[in-house]
Amino acid sequence: MASPIEQFQIKPIIPVINFTNSSLFMIGAAAVIVGGLLLATRNRAVVPGRAQSVAEVLHDFVANTLVDATGKEGMKFFPLVFSLFMFVLTANLLGMIPGFFTVTSHIIVTFALAMLVIGTVVIYGFVKHGTHFLGLFVPSGVPGWLLPFIVVIELISFLSRPISLSLRLFANMLAGHIALKVFAGFVVSLLAAGGALTILAPLPLLMAVALMALEFLVAALQAYVFTVLTCIYLNDALHPGH
């Protein structure tokens, strides 16, 4: 039985420019998003068709999530948030296709996305509010003797955001795909063993099917969670302080 870790190996396709299977599927995810949205909106109508309806639902879903977390002022970040949501969702779903590569199962990819979010928060926060942005780490109403400890805690909490944001997505996609591979391997092993063991093959098969359904749910849910947390962090850039 092949190792369940083998599916996560990064393999070079064009070594000269360090183009790998991970690069290919990131470009593929972007192409699917752009192509799908262009196709859905090429014949825009007052009464939308199915493809346009899906595009509008995705647009409104992200827009409502952003406004709920940041207010109408946060819509200036809509292109960033929508792009992140669509990329994570598409990359997760593409990874569910047998033989395809799951780019979000690599911590370097999810950490890069998380750093993009946190970097945007910090840069916009200082550009918009100057040193007042540091009020994010100084809660109001805290006694003076306790303030240094609270500031340190707030700073550590802020610096841990990209770590938690990236680990959550990475760990969920990694664990789910390993579990699917393991149960699929059980099915193959039991069928290859023959005899009475063949009777047991449907059990891991049923579990693999159930896990597959759960993985589709997790793929969509993790894209949503990543988007919600991104909106919450962007709100700190718009409205620093406690």
Task: Nearest atoms (heavy-atom pairs only) where Ala55 meets Thr41 - done: CB-CG2, 4.5 Å
Pairs satisfying side chain to side chain donor-acceptor pair (under 3.5 Å), at least one member in [range], at least two apart:
| range | result |
| --- | --- |
| residues 9-20 | Thr20-Ser23 |
| residues 158-172 | Arg161-Asp236 |
| residues 85-96 | Asn92-Thr104 |

Under the ring-ring contact (aromatic ring centres under 6.0 Å, His included) test, which residues partner [X], sequence neighbours left out?
| X | result |
| --- | --- |
| Phe87 | none |
| Phe25 | Phe100 |
| His106 | Phe101 |
| Phe111 | none |

Open item on the list: For Phe170, run the side-chain contact (heavy atoms from CB on, under 4.5 Å) check against Val109, Ile108, Ile107 and tell me which one passes.
Closed with: Ile107
Are the side chains of [Y] and [X] in contact, using a 4.5 Å heavy-atom criterion?
| X | Y | value |
| --- | --- | --- |
| Leu169 | Leu165 | no |
| Phe133 | Val127 | no |
| Leu116 | Leu80 | yes |
| Thr70 | Phe77 | no |

Would you mind writing out the side-chain donor-acceptor pairs for residues 210-230 within the sub-3.5 Å range, not counting sequence neighbours?
unit_1: Glu215; atom_1: OE1; unit_2: His177; atom_2: ND1; d: 3.4
unit_1: Thr227; atom_1: OG1; unit_2: Ala223; atom_2: O; d: 2.7
unit_1: Thr230; atom_1: OG1; unit_2: Phe226; atom_2: O; d: 2.7

side-chain hydrogen bond (donor to acceptor under 3.5 Å, both in side chains) involving [X] - partner list, sequence neighbours excluded:
| X | result |
| --- | --- |
| Thr120 | none |
| Lys128 | none |
| Tyr233 | none |

Open item on the list: Would a single hydrophobic cluster contain both Ile156 and Phe137, if residues Ile, Leu, Val, Met, Phe, Trp and Tyr are joined by side-chain heavy-atom contacts under 4.5 Å?
Closed with: no
- [ ] Step by step, work out the side-chain contact (heavy atoms from CB on, under 4.5 Å) result for Leu238 and Tyr124.
- [x] CA-CA 8 Å; Leu238 293 166; Tyr124 181 86; 3.7 Å; yes
Considering only distance and modelled atom types, tabulate donor-acceptor pairs under 3.5 Å from the side chains of residues 59-67, sequence neighbours left out.
unit_1: Asn64; atom_1: ND2; unit_2: Asp60; atom_2: O; d: 3.0
unit_1: Thr65; atom_1: OG1; unit_2: Phe61; atom_2: O; d: 2.8

Open item on the list: Check the orientation of Phe78 and Phe82. Use parallel for under 30°, tilted for 30 to 60°, and perpendicular for over 60°.
Closed with: parallel
